Enquirer: 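What follows is a structure written as structure tokens; I'll ask about it next.
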Number of protein chains: 2
Amino acid sequence: MRLIEQVTGETFRFDPGVGRITGSASAEAAARAPAIRSSGFPTPLHRRRIESLKMGQTLFLDGDPGDDVFQIVSGTIRFVSVQLDGRRMIAGFAVGGEAFSISHRGHYLYTAEAASDCQLRRMTRRELAADGTRGFIVDRLEREAWALQGEMLLLLHKDSDESIGHFILRMAERLAPGMAEGTRFRLDLSRADIADYLGLTVETVCRGIRRLRTQGILLTEGPHLFAIRNLAALRRWAGDAESGI
Amino acid sequence: MRLIEQVTGETFRFDPGVGRITGSASAEAAARAPAIRSSGFPTPLHRRRIESLKMGQTLFLDGDPGDDVFQIVSGTIRFVSVQLDGRRMIAGFAVGGEAFSISHRGHYLYTAEAASDCQLRRMTRRELAADGTRGFIVDRLEREAWALQGEMLLLLHKDSDESIGHFILRMAERLAPGMAEGTRFRLDLSRADIADYLGLTVETVCRGIRRLRTQGILLTEGPHLFAIRNLAALRRWAGDAESGI
DNA sequence: CGGAGTCTTGAGCCTCGTCAACACGTGTGG
DNA sequence: CCACACGTGTTGACGAGGCTCAAGACTCCG
């Protein structure tokens with residue numbers, strides 16, 4: 001099932017000197033347009049219990065009782081944990097179309113915050129089990145822990161360039177299903193969010209992205225708009241197999 | 001339930017110059033003794049289907065079909081994955097008394113190898129579900145993915161000293177339940193195994209352990225015998241909260 | 001247009017990886 | 001019994017990668 005309408009196949013000018021996209025204003029406007037085709041949702045739950053969060057707001061806290069399931073209509077959620085010394089760790093993200101719960105035995109394991117303005121559909125476990133059309137959500141929930149674990153394991157063993165390349169690649173796949181060379185996507189995360197996920201500093205993330213640009217692998221327009229210019233090179237850069245799990 | 005008999009409460013001489021244990025040969029022999037009180041197992045499955053693995057042997061391979069559950073009688077199992085470029089990543093370990101399956105949707109997610117000579121009890125999911133006395137195993141399996149994920153997240157955000165301290169602390173807790181200051185334990189892992197788990201090199205692991213010794217936090221006798229000399233300092237060193245999950 | 005926050009870039013330092021040498025324990029063969 | 005080889009562990013010297021600190025540019029607001 002393809003939930004997300006993505007802006008693809010455009011042509012845009014490229015300045016080889018800096019590797020920045022210099023597309024028209026209208027193209028950018030299109031890329032910022034709402035990402036969800038609401039007609040794509042198949043069930044009577046459609047339009048029920050949509051919750052909105054402003055950027056930075058908290059959905060639930062680490063340790064809170066609860067095991068509800070959320071599906072993202074638009075925006076990006078981050079899963080956060082804070083160390084004793086105050087360092088912030090991000091365990092993962094969820095983007096449009098994806099579902100999450102990150103709960104175990106009736107408690108949420110991480111704090112969920114809106115990394116950008118968000119719309120969510122909330123379901124109880126009971127509702128989810130009763131709705132036979134939502135098997136794909138059940139699937140995703142069953143593997144969410146292993147998916148997050150597998151990503152963490154990779155990041156722990158990659159250097160900064162590999163981590164950043166891997167991250168861009170994975171987010172492109174998730175934000176633009178059917179992603180191909182030239183696909184444009186908007187990543188609504190701050191450099192700090194990316195850094196706290198990859199276990200790096202914002203400065204290192206910036207430099208890594210710049211290196212991807214100067215290598216001709218990535219195009220950027222502003223901090224949040226990306227286009228992959230050389231997919232094969234990006235995969236090599238990331239030192240990656242095709243996505244697992 | 002306490003499955004493991006542990007050698008505790010001994011006194012041994014300590015050479016402050018190097019921080020090495022200089023205990024008697026008999027004490028060491030006791031620490032090497034079999035760790036399992038077989039009378040501790042409560043069910044008729046006792047003594048059934050015990051499998052033995054020599055150090056280095058493989059229990060199952062990453063991607064193999066299967067979802068059997070294993071409980072470790074003695075020894076240590078490591079969960080391994082290999083990168084495209086050949087780097088070895090270790091996702092976790094299981095030690096005496098613990099249970100694991102690391103399977104999802106009928107396939108094992110990592111290769112399981114004996115990090116030391118091992119004895120295992122194998123159960124099918126069906127047997128496990130039918131045996132009401134084994135609820136503690138079901139509990140553990142449900143959280144195994146989250147447990148591994150949580151550890152990976154911590155390690156990703158810790159520097160080498162913190163990672164090594166954290167690792168020693170966690171393994172002490174697991175190998176010596178009720179671990180207290182002075183508890184002695186045997187860690188049957190090579191420095192390479194530790195390094196591939198923490199995302200470090202063997203040299204860095206060696207230096208980290210030495211630093212724990214020279215700080216008066218840890219005692220060592222040979223590469224595999226440890227005793228915690230200052231628990232509070234170790235916790236501070238590791239930058240850790242009490243163990244979660 | 002101005003201000004706050006975010007992003008980017010540079011300079012310098014420190015941690016950790018690399019390479020190399022040596023120590024130690026164990027098993028094997030003479 | 002010793003000599004030797006081999007694998008593992010330990011330590012040192014050195015360099016590269018990533019963090020810190022600092023300054024400036026850009027974005028997004030009002």
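Residue numbers begin at 1 in each chain, while the letters A, B, ... track the order of the sequences. In this text the structure is predicted, and so the values were computed from the model without any measurement.
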Enquirer: If you measure from the Lys or Arg side-chain nitrogens to the Asp or Glu carboxylate oxygens, is any gap between K158(B) and D85(A) under 4.0 Å?
Expert: no
Enquirer: Out of dG9(D), dC7(C), dT11(D), which has the shortest distance to the side chain of R191(A)?
Expert: dC7(C)
Enquirer: Does S163(A) form a side chain to side chain donor-acceptor pair (under 3.5 Å) with S160(A)? I'd like the steps, not just the answer.
Expert: CA-CA 5 Å; S163(A) 288; S160(A) 72; over 6 Å; no
Enquirer: In this structure, how many angstroms lie between the P atom of dT27(D) and the CG atom of L189(A), rounded?
Expert: 18 Å
Enquirer: So does R210(A) get a side-chain nitrogen or oxygen closer than 4.0 Å to the phosphate oxygens (OP1/OP2) of dG10(C)?
Expert: yes
Enquirer: Give the rounded distance in Å between these two atoms: CE of M55(A) and C1' of dT6(C).
Expert: 10 Å
Enquirer: Is there a donor-acceptor pair under 3.5 Å between the side chain of T58(B) and the backbone N or O of E113(B)?
Expert: no
Enquirer: How do P223(A) and D159(A) order along DNA chain D: which one's closest nucleotide is nearer the 5' end?
Expert: D159(A)
Enquirer: Measure the distance from CD1 on I164(B) to C1' on dT10(D) and round it to the nearest whole Å.
Expert: 13 Å
Enquirer: Over how many whole Å does the gap from H157(B) atom NE2 to dC19(D) atom P extend?
Expert: 11 Å
Enquirer: Reckon D161(A) touches a base, only the sugar-phosphate, or nothing at all at heavy-atom distances under 4.0 Å?
Expert: nothing
Enquirer: S160(B) side chain N/O closer than 4.0 Å to the phosphate oxygens (OP1, OP2) of dT15(C)?
Expert: no
Enquirer: E162(B) and H157(B): side chain to side chain donor-acceptor pair (under 3.5 Å), yes or no, with the steps?
Expert: CA-CA 9 Å; E162(B) 290 173 323; H157(B) 291 266; over 6 Å; no
Enquirer: In whole angstroms, how far is the P atom of dC16(C) from the NZ atom of K158(A)?
Expert: 21 Å
Enquirer: Measuring to OP1 and OP2 of dT6(C), would you say a side-chain N or O of H224(A) lies under 4.0 angstrom away?
Expert: no
Enquirer: How many Å lie between CD on E221(A) and P on dC28(D), as a whole number?
Expert: 10 Å
Enquirer: Please state how far atom CG in L225(A) lies from atom P in dC26(D), giving the value in whole angstrom units.
Expert: 17 Å
Enquirer: Atom CG of L212(A) and atom C1' of dT8(C): how far apart are they, to the nearest Å?
Expert: 15 Å
Enquirer: Do E221(B) and R184(B) sit within salt-bridge range, that is, some charged N less than 4.0 Å from a carboxylate O?
Expert: yes
Enquirer: Compute the ring centroids of F79(B) and F100(B), then answer whether they are less than 6.0 Å apart.
Expert: yes
Enquirer: List in numerical order all residues of residues 199-209 of chain B for which some heavy atom is under 4.0 Å away from an atom belonging to DNA chain C.
Expert: G199(B), L200(B), T201(B), E203(B), T204(B), R207(B)
Enquirer: Under the side-chain contact (heavy atoms from CB on, under 4.5 Å) test, which residues partner I228(B), sequence neighbours left out?
Expert: A172(B), M179(B), F185(B), L218(B), L231(B), L234(B)
